> 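First, the structure itself, so that you have it in front of you.
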Number of protein chains: 4
Amino acid sequence: MAGNSFGKLFRVHTFGESHGEALGGIIDGCLPGIELDFEAIDMQLQRRRPGQSSISTPRTEGDQVEFFSGLLEGVTTGTPIAFAIRNNNSKSTDYESLKDVFRPSHADFTYQSKYGIRDHRGGGRSSARETVSRVVAGAIAEQILSKHGIQITAFVSQVGPVKMPFIDNRPHRAEVDKNIVRCPNEASATEMIAYIEKMKTEGDSAGGIITVIADGIPAGIGEPVFDKLHADLGKAMLSINAVKGFEIGSGFGSVTMKGSEHNDSFYKDQDGNIQTRTNHSGGIQGGISNGANIYFNIAFKPVASILQEQQTINGEGEPAIIKIEGRHDPCVVPRAVPIAEAMTALVLIDHLLRANAIKSTITG
Amino acid sequence: MAGNSFGKLFRVHTFGESHGEALGGIIDGCLPGIELDFEAIDMQLQRRRPGQSSISTPRTEGDQVEFFSGLLEGVTTGTPIAFAIRNNNSKSTDYESLKDVFRPSHADFTYQSKYGIRDHRGGGRSSARETVSRVVAGAIAEQILSKHGIQITAFVSQVGPVKMPFIDNRPHRAEVDKNIVRCPNEASATEMIAYIEKMKTEGDSAGGIITVIADGIPAGIGEPVFDKLHADLGKAMLSINAVKGFEIGSGFGSVTMKGSEHNDSFYKDQDGNIQTRTNHSGGIQGGISNGANIYFNIAFKPVASILQEQQTINGEGEPAIIKIEGRHDPCVVPRAVPIAEAMTALVLIDHLLRANAIKSTITG
Amino acid sequence: MAGNSFGKLFRVHTFGESHGEALGGIIDGCLPGIELDFEAIDMQLQRRRPGQSSISTPRTEGDQVEFFSGLLEGVTTGTPIAFAIRNNNSKSTDYESLKDVFRPSHADFTYQSKYGIRDHRGGGRSSARETVSRVVAGAIAEQILSKHGIQITAFVSQVGPVKMPFIDNRPHRAEVDKNIVRCPNEASATEMIAYIEKMKTEGDSAGGIITVIADGIPAGIGEPVFDKLHADLGKAMLSINAVKGFEIGSGFGSVTMKGSEHNDSFYKDQDGNIQTRTNHSGGIQGGISNGANIYFNIAFKPVASILQEQQTINGEGEPAIIKIEGRHDPCVVPRAVPIAEAMTALVLIDHLLRANAIKSTITG
Amino acid sequence: MAGNSFGKLFRVHTFGESHGEALGGIIDGCLPGIELDFEAIDMQLQRRRPGQSSISTPRTEGDQVEFFSGLLEGVTTGTPIAFAIRNNNSKSTDYESLKDVFRPSHADFTYQSKYGIRDHRGGGRSSARETVSRVVAGAIAEQILSKHGIQITAFVSQVGPVKMPFIDNRPHRAEVDKNIVRCPNEASATEMIAYIEKMKTEGDSAGGIITVIADGIPAGIGEPVFDKLHADLGKAMLSINAVKGFEIGSGFGSVTMKGSEHNDSFYKDQDGNIQTRTNHSGGIQGGISNGANIYFNIAFKPVASILQEQQTINGEGEPAIIKIEGRHDPCVVPRAVPIAEAMTALVLIDHLLRANAIKSTITG
């Protein structure tokens with residue numbers, strides 16, 4: 001209810017502030033009997049980690065996951081899997097100067113309004129560091145999904161004004177990771193990196209778009225009406241820090257299309273599978289998967305922590321000038337790739353379980 | 001769990017198929033002591049109703065709401081408010097020909113995949129007629145919100161390629177209803193209507209964008225992490241039929257902005273209220289309202305039911321040609337305005353209650 | 001949240017007041033493809049119905065169920081099943097005299113305290129008439145359970161001081177219905193009826209115990225920790241009007257036993273099934289079913305509506321004498337038998353689905 | 001969904017196995033601005049701790065709570081409070097011999113049936129050690145409740161056949177803790193201790209009853225129909241290991257009473273408060289508090305881990321003899337007192353918040 005849980009059957013509860021003791025979470029409803037691949041979890045944490053390249057913050061977070069429960073010799077038992085990642089490298093002093101001012105376009109003012117108290121150290125609960133817990137949970141969900149043939153890849157398709165050409169097949173993650181901006185088109189990647197470097201030099205920041213493509217999802221996953229599969233995906237993505245927009249399939253581009261152009265015709269392929277000739281639906285019709293690739297875009301605003309002087313007010317409402325020091329990304333989008341994958345995985349595993357509960361109980 | 005409920009404290013459960021006996025719902029968690037304005041409910045139903053203008057379907061739905069419970073002489077008692085709207089004018093025969101084919105970009109195929117059975121008459125549960133229940137619940141939520149000073153207006157800001165100029169203040173609904181396309185800019189409205197008429201003549205359909213603006217929301221409404229206020233708004237909007245995208249505040253436009261342009265500076269106004277000079281945040285920061293106007297856009301794809309011949313397959317997977325007869329909107333967006341308002345109201349009332357539960361229990 | 005919903009995967013939402021327009025509910029999450037047996041539903045409503053015998057109230061409730069949705073030619077489609085039962089025979093005038101007084105041991109005072117308003121006509125939402133919706137939903141759940149080999153029988157095992165001998169095998173419902181008090185032991189039944197007749201003559205009322213036995217439940221249904229199967233059964237039973245206690249298996253009797261007496265030894269039977277030699281556990285160990293019969297007792301207090309004069313206060317807190325007229329059961333327990341069965345069915349179907357979601361998704 | 005969460009607005013999620021790395025939980029929805037009394041939390045953990053007296057197990061659990069989040073200098077911030085208690089003293093070797101047998105009346109067999117895998121070390125998730133997390137969460141809830149004037153005391157009212165006389169006023173905890181069996185009646189306490197010593201000598205175990213009394217609860221807390229306050233209390237208590245029964249107010253004793261004896265008459269006391277002359281209702285009518293003391297009984301079966309040889313089967317279903325070594329309580333009831341208090345606190349704080357959400361939002 002307080003907003004720190006996600007999912008219905010495969011549930012994740014997260015906790016932690018950027019400069020508190022630890023962040024982490026509980027996965028409740030994980031399938032038993034899964035031998036966890038801890039390296040795969042670490043890999044996704046590495047991809048999210050600050051300090052991984054010249055275009056990300058030099059701040060390093062030592063993201064060592066400790067597991068507390070739910071495992072017997074590395075195998076899931078079906079009971080809650082709790083984990084924590086300690087905050088080792090937290091320089092709270094960086095934030096002392098911000099204790100009494102509200103940073104523009106951060107959550108300082110709104111948290112203060114809501115709770116009457118806030119952990120000002122690095123944004124506290126509102127810090128993007130919170131997503132570390134999502135990445136752990138998502139990496140576990142992915143291991144189960146992949147046993148069901150479901151694979152997810154996210155990649156950067158736009159940074160500032162630089163946009164890569166449209167693709168509709170899922171690239172491998174290795175392809176995505178070939179460059180530091182995580183764009184599978186090398187030419188676009190080069191331009192994106194140049195743009196981010198320019199922002200960094202100016203003490204400014206850039207926004208961007210992440211595209212997610214998932215394949216292997218069988219037809220019939222999702223729910224009608226309020227819990228449509230793309231509505232849950234949308235909520236999941238909009239819950240990521242700095243996300244301002246979400247579009248599934250043809251998205252905002254569909255607005256200028258005619259119905260006769262937009263409709264996806266059905267046909268049966270050589271293997272006898274029902275397919276659509278186009279996929280403007282993005283793999284979901286009426287809220288339920290149709291077996292085609294699910295793809296969607298997520299818009300990220302430029303990072304609010306810029307290194308220029310900004311006008312704001314302090315806790316008393318008096319005008320103040322702030323200059324955020326600390327270590328911040330000029331563009332958060334490349335590091336958000338594993339976060340988008342994690343949230344996609346959490347939505348898909350949850351809906352897979354919801355669909356299976358019904359399917360497996362039908363009699364005769 | 002099965003996707004037909006919305007909200008946590010102000011909950012709405014809906015039911016019904018387009019050609020079943022009735023549609024309706026239960027509102028659970030409504031505040032007691034509210035004298036309901038039944039005319040206001042009817043007004044919103046009227047605005048959603050098919051057949052209201054030359055650019056909407058001539059199909060008429062006699063949307064008479066019957067209330068079963070939760071009221072004593074028109075005043076809410078705090079117990080569940082159940083209501084139903086009967087399907088009087090349902091011509092199921094229109095749909096007999098569609099019994100064995102999957103209409104392109106409808107939910108026929110996905111429902112069949114999920115349930116192994118489907119109500120083919122007019123789309124059944126997947127029909128947009130389902131939204132009639134949302135409008136009733138939303139109209140009740142609005143009455144409570146307005147007692148708290150919160151007002152919502154949705155309007156059509158784009159149809160096909162025709163886009164009205166940006167506005168950031170909430171127009172009155174009367175202004176929106178001055179033309180049949182529900183666009184508060186008369187010049188744009190005229191162009192939009194012409195475009196829809198053209199689509200109608202071609203037996204084709206148009207997409208569009210609805211903008212929603214809500215004002216009067218106090219700072220401090222919303223939850224951190226997964227249940228961010230705009231994430232819940234996004235899910236609510238994406239759950240509406242034909243919606244393909246959602247963006248809050250600067251939205252996808254933020255991608256090409258720099259942080260220094262995008263950040264909203266705080267200042268104290270003459271009345272001593274904390275405000276921001278710009279509102280790229282769309283009234284929400286870190287998932288929690290900051291007191292500014294909340295505004296967002298919703299992208300609708302062109303209606304899938306077009307009056308041209310289309311290629312598809314039948315239940316056996318064999319190629320088939322269908323020509324949808326029936327009565328369908330060439331552009332659904334004007335009629336979706338009250339639906340967007342309803343879903344906005346349901347999100348806001350729910351989060352208002354969630355915030356108040358905490359605020360009112362804090363001691364000392 | 002407001003307390004009118006039950007279950008997680010097989011969810012029931014109910015509505016209605018004893019003297020409002022109608023009572024009813026929505027079943028969300030019902031399996032598709034079930035051909036409903038409407039007679040079986042009516043049968044359970046008949047068994048709950050007032051006026052069915054000389055020991056129940058002569059008030060008759062015309063409990064005709066109308067279904068609104070979720071069915072196609074009598075077969076469930078997987079979408080919400082909404083239903084309503086109209087209040088035809090409601091004599092609200094009987095209750096005018098009670099408008100301003102708080103009936104002892106009713107919910108008049110507590111509803112007024114909670115909501116600041118109450119529907120005084122016959123108890124409103126707090127009336128036991130509310131259980132009619134549970135019986136409909138439970139009767140549908142039973143039809144699915146029986147396809148999985150799960151059967152439930154409730155019966156009256158005590159009325160006032162009259163207690164029938166212990167049995168641990170499930171009697172058939174026909175056996176239970178052989179007498180009007182619904183006790184499968186004829187000798188005890190005769191005594192029970194005599195006791196109730198005596199109470200009726202005195203204008204007084206009697207309490208009693210209902211025992212429920214369910215068989216055919218496979219091992220492995222239920223959840224650990226908070227949602228233990230017997231905890232959910234307990235909550236379900238305690239939510240029925242007038243219930244004051246719940247005990248599973250050996251229950252309160254276990255308190256005076258020694259561990260060496262109480263422990264249920266495992267053995268393998270001739271068919272190779274694992275069984276226990278005794279069943280003090282009542283078929284549930286650690287919150288999860290072990291394959292043995294599930295049985296439990298439910299204590300009902302004597303009906304609060306007695307026909308004697310009683311001291312109370314009115315809305316202003318002044319002393320008042322009330323004499324409840326109306327038509328009331330001297331002992332509600334025989335009519336509560338189908339209600340107990342219904343709530344048992346709702347718990348079991350929900351936990352069956354929860355267990356199957358996991359079981360069916362396990363890979364390798 | 002998987003059963004490891006409790007509450008709706010004040011939510012607790014727990015994790016951990018008796019011999020895993022750690023146990024703990026997350027409290028989500030805690031009020032901000034509460035300066036935590038860590039000693040009070042420790043005190044309740046001390047009272048739950050094994051090895052505290054001659055009649056409890058000599059096994060000692062070093063229950064040091066570590067807090068990870070949700071606190072700023074010891075004050076709650078409104079964000080999730082995560083905590084863990086490490087398992088230091090776990091002698092898994094004690095349990096090696098039990099790896100392949102199912103202990104009678106434990107959850108070994110049912111967990112194996114449900115998950116196909118189980119953590120056999122000390123019962124894993126099914127161990128009563130799990131309740132340590134409940135005690136921490138409950139102790140925090142109590143601190144908030146006490147600011148609202150709500151106090152809870154649990155005590156042992158029966159052990160085996162030894163029953164203390166009925167009391168209906170809440171004793172102080174200091175009074176309860178005057179003896180090691182936690183019974184506020186000294187004479188009964190002496191007999192109870194003697195009985196437990198006898199069981200211990202015999203290598204056997206005893207059951208018992210805990211009575212809980214809470215006062216200071218305002219009228220109007222609780223929900224109608226399914227989430228009645230006593231139904232949620234019942235579920236909470238039945239979720240505690242070894243609990244077989246629950247009764248509120250007059251409970252099973254009400255069965256033999258007449259309505260005219262049982263009804264609680266209202267009157268206005270000298271201070272103008274509405275009271276009842278008797279309190280058979282146990283402070284709850286129609287599921288909602290009436291302002292009187294809430295009291296209820298909880299039946300505990302005798303501990304299943306006895307030190308005698310027992311017949312059972314192994315994983316292959318073959319007959320086996322087991323003799324549980326380890327260190328076990330001959331009677332768990334005295335140590336369950338703080339657990340019962342914790343669960344009571346969790347139910348009351350949750351319903352207080354639910355009631356306040358509505359009350360505080362009512363307008364005019």
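Since we're looking at a predicted model, the values are computed, not measured. Per chain, numbering begins at 1; letters A, B, ... match sequence-line order.
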> If you check both backbone and side chains, which donor-acceptor pairs between chain A and chain D fall under 3.5 Å?
unit_1 : atom_1 : unit_2 : atom_2 : d
A:N4   : N      : D:D28  : OD2    : 3.4
A:N4   : ND2    : D:D28  : OD1    : 2.6
A:N4   : ND2    : D:D28  : OD2    : 3.3
A:H13  : ND1    : D:H13  : NE2    : 3.3
A:H13  : NE2    : D:H13  : ND1    : 3.3
A:E17  : OE1    : D:G70  : N      : 3.0
A:E17  : OE2    : D:T79  : OG1    : 2.7
A:E21  : N      : D:F68  : O      : 3.4
A:A22  : N      : D:F68  : O      : 3.3
A:D28  : OD1    : D:N4   : ND2    : 2.7
A:D28  : OD2    : D:N4   : N      : 3.4
A:D28  : OD2    : D:N4   : ND2    : 3.2
A:E66  : OE1    : D:R86  : NH2    : 3.3
A:E66  : OE2    : D:R86  : NH1    : 3.1
A:E66  : OE2    : D:R86  : NH2    : 3.1
A:F68  : O      : D:E21  : N      : 3.4
A:F68  : O      : D:A22  : N      : 3.3
A:G70  : N      : D:E17  : OE1    : 3.0
A:T79  : OG1    : D:E17  : OE2    : 2.7
A:R86  : NH1    : D:E66  : OE2    : 3.0
A:R86  : NH2    : D:E66  : OE1    : 3.3
A:R86  : NH2    : D:E66  : OE2    : 3.1

> Could you work out, with ring-ring contact (aromatic ring centres under 6.0 Å, His included) as the rule, every residue matching A:F102, not counting sequence neighbours?
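A:F102: ring-ring contact (aromatic ring centres under 6.0 Å, His included) contacts with A:F109.
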
> Can you name the ring-ring contact (aromatic ring centres under 6.0 Å, His included) partners of A:F226, sequence neighbours left out?
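A:F226 satisfies ring-ring contact (aromatic ring centres under 6.0 Å, His included) with B:F6 once adjacent residues are dropped.
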
> Go through the structure and list residues passing side-chain contact (heavy atoms from CB on, under 4.5 Å) with A:L145, not counting sequence neighbours.
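A:L145: side-chain contact (heavy atoms from CB on, under 4.5 Å) contacts with A:I150, A:I152, A:A345, A:L348, A:I349, A:L352.
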
> Rounded to the nearest 0.5 Å, what's the gap from CZ on D:F83 to CZ on A:F15? Could you check?
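Going from CZ on D:F83 over to CZ on A:F15, the span is 11.0 Å.
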
> With a 4.5 angstrom heavy-atom cut-off, could you sort out which part of D:F10 is near chain A: side chain, backbone, both or neither?
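Contact with chain A involves no heavy atom of D:F10 at all.
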
> If you count heavy-atom pairs under 4.5 Å with chain D, which of A:G116, A:G70, A:A84 comes out on top?
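Going by pairs under 4.5 Å, I would pick A:G70.
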
> Is chain A contacted by the side chain of D:L9, its backbone, both, or neither, given a heavy-atom distance below 4.5 Å?
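Both backbone and side chain of D:L9 come within 4.5 Å of chain A.
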
